[in-house]
Amino acid sequence: MQLFENQPLKIYNSLSGKKEVFTPLSKGHVGMYVCGPTVYSNVHLGNCRTFMSFDMIFRYLRHLGYKVRYVRNITDAGHLVDDADDGEDKIAKKARLEKLEPMEVVQRYTVDFHNILDQFNFLPPSIEPTATGHIIEQIEIVKDILAKGYAYEVNGSVYFDVATFNETNEYGKLSGRKLEDMVANTRALAAQDEKKNPQDFALWKKAEPQHIMRWPSPWGDGFPGWHLECTAMSTKYLGETFDIHGGGMDLKFPHHECEIAQAEACYGHSPVRYWLHANMLTMNGKKMAKSTGNNILPGEIFSGENSILSKAFTPSVVRFFMMQAHYTSILDLSNDALLASEKGYQRLMEALTTLPKLTVGTKTDFDIVAWKQGCYDAMNDDFNTPILIAQLFEAVKRINLVKEGKETITAADITLLKESINAFVFEVLGLENERASGVDSNKLGGVVELLIQLRMEARANKDFATSDKIRDQLAALGIQLKDGKDGTTFTVA
RNA sequence: GACAAGGUGGCUGAAUGGUUAAGGUGGCAGACUGCAAAUCUGUUUUUUACAGGUUCGAAUCCUGUCCUUGUCUCCA
């Protein structure tokens with residue numbers, strides 16, 4: 001019996017605007033697709049938040065016992081810069097600026113992307129397909145849509161005919177838009193002459209002679225439109241209908257709307273059963289943008305080399321910070337917020353270290369089974385990680401009360417509590433105990449222990465000048481001594 | 001301008017009709033300490049942007065105003 005059989009999960013579906021009971025298409029299996037990054041620059045911190053939300057969701061589904069096929073693509077071609085640029089590929093443009101081959105750019109930033117996600121302790125997706133690796137599949141879809149009358153070819157490019165599609169289907173149902181409104185509000189762009197209507201979007205674009213990334217097709221040399229790859233790859237690996245499609249809120253329109261249109265045109269039915277959208281990350285109350293300088297890279301947070309934060313923060317602290325907000329809420333990053341999260345994270349980890357060392361009692365003053373279910377209830381309610389963390393701190397408080405001798409806990413309950421906390425902290429939230437990789441075994445540890453010994457002797461002799469000198473000089477080196485009832489410990493900053 | 005999501009304490013952030021509005025952090029007090037720091041415990045602050053309305057009862061529903069973020073053109 002798997003956990004999911006008695007832990008009913010509810011998910012907020014962006015398509016219906018309601019929380020719905022999650023029932024996968026095929027029992028015990030979940031297909032999940034998440035729109036991955038366009039690898040033309042360093043991965044954006046806001047980007048990381050979205051992927052982290054789905055990493056957590058992936059983790060929890062697995063924890064519940066589902067076999068999950070998680071597909072997250074790499075967009076390495078296909079995004080147009082804008083129409084005025086005659087459809088120059090975003091990747092190709094960057095390549096020209098840096099005098100690099102397009103695939104060299106792709107390689108560089110794919111490596112950066114994986115490197116950052118690895119530091120954040122992401123689980124790798126089951127499949128990480130690339131757009132350029134699925135050109136044939138994309139061409140097949142274009143042919144199919146053309147054959148079904150929902151697209152038209154103009155001068156080597158193929159466009160999706162939104163107006164025709166809207167006669168039989170509902171274009172805009174995901175983002176709450178109506179085609180008539182869009183028609184009324186669309187600005188007329190010069191280069192859109194080819195299209196029948198401004199709302200039509202490209203399925204295939206003709207490549208101009210100078211365009212580097214190009215592939216042969218029935219309509220001449222060109223490259224795929226940017227909504228197409230997700231339809232091609234999700235269908236190929238998850239089927240014409242699959243359970244979960246995720247992405248950032250900003251992709252709702254037009255990207256996900258177009259995905260729905262493409263799939264409905266092609267297969268005659270809606271492709272996705274549960275649409276999930278993660279919300280944005282702001283910084284100091286404003287949107288993050290390179291142009292305004294209100295921007296920070298993940299690596300700059302880890303190294304502390306930035307002009308926005310007062311110190312460096314570890315990936316786990318940033319992860320904990322993000323997990324303290326619900327994935328559908330806008331989250332604001334600031335120095336104060338990170339400092340607060342760091343403190344809380346450390347307190348949680350401290351309690352985890354304390355737990356196995358607790359004195360065993362004959363009874364437990366707290367209902368661990370009910371507490372554990374409280375953790376599941378939080379997660380089952382649309383992955384409510386802030387409530388889960390609040391619940392974890394309830395356990396922290398109990399652990400500390402036992403430590404202080406104010407409450408007791410049995411050996412069996414220590415084991416149960418430890419297993420439960422570890423499952424939620426490490427397996428589901430994906431945090432890492434950075435303190436665990438201590439310095440005890442290395443030479444520095446031995447040296448500090450010696451100094452602690454000398455300081456203890458000095459204090460016993462009431463030679464506080466010497467004891468304070470040891471304490472303060474070590475502090476200046478970033479080694480903090482902590483005097484407790486049972487002796488002195490230390491941490492290295 | 002249109003559409004979407006929001007506006008909760010010093011900061012961060014849960015709770016969508018029902019007893020004292022969760023948790024983290026900060027402040028304050030106590031314990032510990034030679035003194036600090038660290039740690040632990042207790043405690044404190046908001047009446048939920050603003051103005052109306054519905055209801056026995058609203059942060060939660062409705063109307064209007066102001067503001068923020070997103071989308072409408074590449075973007076998580």
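Every chain is numbered from 1, with letters handed out A, B, ... down the list of sequences.
For K10(A), the salt bridge (Lys or Arg N to Asp or Glu O under 4.0 Å) criterion is met by no residue, not counting sequence neighbours. With sequence neighbours left out, D243(A) forms a salt bridge (Lys or Arg N to Asp or Glu O under 4.0 Å) with R273(A). E128(A) meets the salt bridge (Lys or Arg N to Asp or Glu O under 4.0 Å) test with R72(A); sequence neighbours excluded. With sequence neighbours excluded, the residues forming a side-chain contact (heavy atoms from CB on, under 4.5 Å) with T314(A) are S316(A), V317(A), E434(A), listed by chain and number. Scored by the salt bridge (Lys or Arg N to Asp or Glu O under 4.0 Å) test, E342(A) finds K311(A) as partners (sequence neighbours excluded).
Separating the C1' atom of U54(B) from that of C61(B) is a span of 8 Å, rounded to the nearest Å. Distance noted for atom C1' between U16(B) and A22(B): 15 Å (whole Å). Separation of the P atoms belonging to U8(B) and G42(B) is 28 Å when rounded to the nearest angstrom. Rounded to whole Å, the separation between the P atoms of A37(B) and G27(B) comes to 11 Å. U63(B) and U46(B) are spaced 31 Å apart, taking the P atom of each and rounding to whole Å. For the C1' atom pair drawn from A21(B) and U48(B), the interatomic distance equals 8 Å after rounding to whole Å. Nucleotides U68(B) and C32(B) are separated by 46 Å at their C1' atoms, to the nearest Å. Rounded to the nearest Å, the gap between the P atom of A49(B) and that of A36(B) is 42 Å.
Along RNA chain B, the nucleotide closest to A340(A) and the one closest to N400(A) are compared, and the more 5′ of them pairs with A340(A). Annotation: of the two residues near RNA chain B, S334(A) and F393(A), the 5′-most nearest-nucleotide partner is S334(A).
Using a 4.0 Å heavy-atom criterion, one finds that G176(A) contacts the sugar-phosphate atoms exclusively. L348(A) comes within 4.0 angstrom of nothing in the nucleic acid, heavy atoms only. Here D250(A) lies in heavy-atom contact (under 4.0 Å) with a base. Contact annotation for K403(A): backbone-only contact, meaning every heavy-atom pair under 4.0 Å involves sugar-phosphate atoms and none involves a base. Residue contacts for A390(A): at a heavy-atom cut-off of 4.0 Å it reaches a base atom on one of the strands shown. Heavy atoms of H326(A) sit under 4.0 angstrom from primed sugar atoms or phosphate atoms, though from no base atom. No engagement by L392(A) is indicated, since no non-hydrogen atom pair under 4.0 Å with the nucleic acid exists. Among the heavy atoms of the strands, none lies under 4.0 Å from A278(A).
Judged purely by distance below 3.5 Å, without hydrogens or angles, the side chains of Y33(A) and N73(A) pair a donor atom with an acceptor atom. Using modelled atom types, one finds a donor on one side chain and an acceptor on the other under 3.5 Å when comparing E194(A) with Y159(A). Using modelled atom types and a 3.5 Å distance limit, the side chains of H227(A) and E257(A) yield no donor-acceptor pair. Residues S334(A) and N284(A) have side chains that never bring a donor and an acceptor to within less than 3.5 angstrom of each other. For the 3.5 Å distance criterion, the side chains of T466(A) and D463(A) qualify, holding a donor opposite an acceptor. Between the side chains of S329(A) and N279(A), no donor-acceptor pair of N or O atoms lies under 3.5 Å. If you check the side chains of E350(A) and T354(A), you find no donor sitting under 3.5 Å from an acceptor. Neither side chain, E404(A) nor N400(A), offers a donor N or O lying under 3.5 Å from an acceptor on the other. Side-chain contact, D55(A) with Y70(A): no donor N or O sits under 3.5 Å from an acceptor N or O. Looking at E229(A) and T75(A), their side chains do bring a donor and an acceptor atom within 3.5 Å of each other.
Here the C1' atom of nucleotide G27(B) and the CG atom of D336(A) are 14 Å apart, to the nearest Å. In this structure, CG of L309(A) is placed 18 Å from P of C11(B), rounded to the nearest angstrom. Between I452(A) atom CD1 and A37(B) atom P there is a gap of 19 Å when expressed in whole angstrom units. Between K287(A) atom NZ and U71(B) atom C1' the separation is 11 Å, expressed in whole Å. Atom CG in N42(A) sits about 18 Å away from atom P in C75(B), given to the nearest Å. Remark: P of G13(B) and CG of L338(A) are 11 Å apart, rounded to the nearest angstrom. For L251(A) and C75(B), the CG to P distance is 7 Å, given to the nearest whole Å. Between R455(A) atom CZ and A37(B) atom P there is a gap of 13 Å when expressed in whole angstrom units.
Here T38(A) reaches the OP1 or OP2 of A76(B): one of its side-chain N or O atoms lies under 4.0 Å away. Contact annotation: S329(A) reaches the phosphate of A14(B) (side-chain N/O to OP1 or OP2, under 4.0 Å). Contact between the side-chain N/O atoms of N384(A) and the OP1/OP2 oxygens of A14(B) is not found at any separation under 4.0 Å. One finds a side-chain N or O of R347(A) lying less than 4.0 angstrom from the OP1 or OP2 phosphate oxygen of C40(B).
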Could you list the protein-to-nucleotides 5-8 of chain B atom pairs, N/O on both sides, closer than 3.5 Å?
none

Hey, what are the protein-to-nucleotides 60-63 of chain B N/O distances that come in under 3.5 Å?
none

What protein N or O atoms touch nucleotides 28-33 of chain B N or O atoms at under 3.5 angstrom, if any, and at what distances?
none

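Ring centers of F51(A) and F122(A): at least 6.0 Å apart, outside the cut-off. You'll find the ring centres of Y274(A) and F242(A) outside the 6.0 Å limit.
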For this session: Summarise protein proximity over nucleotides 42-48 of chain B in one line of letters, 5' to 3': B for base, S for sugar-phosphate only, - for none, counting protein heavy atoms closer than 4.0 Å.
Result: S------
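To the nearest 0.5 Å, atoms CD1 (I387(A)) and CG (L392(A)) are separated by 11.5 Å. For the atom pair CZ of R347(A) and CD1 of I399(A), the computed distance is 10.5 Å after rounding to the nearest 0.5 Å. Of the inter-residue distances, the one linking I470(A) atom CD1 with I479(A) atom CD1 reads 12.5 Å to the nearest 0.5 angstrom.
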For this session: Both distances under 3.5 Å, Watson-Crick or G-U wobble: on that basis, could you give the dot-bracket string for RNA chain B, with [ ] for crossing pairs and | for other-strand partners?
Result: (((((((..(((.....[....)))((((((.......))))))....(((((..]....))))))))))))....
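Every pair tested for salt bridge (Lys or Arg N to Asp or Glu O under 4.0 Å) that includes a residue from residues 44-53 of chain A fails, sequence neighbours excluded, so the list is empty.
Of the residues in residues 461-472 of chain A, those placing a heavy atom less than 4.0 Å from an atom of RNA chain B are F464(A), S467(A), D468(A), R471(A), in numerical order.
Relative ring orientation between Y60(A) and Y376(A) is described as tilted, the plane-to-plane angle lying within the 30° to 60° band.
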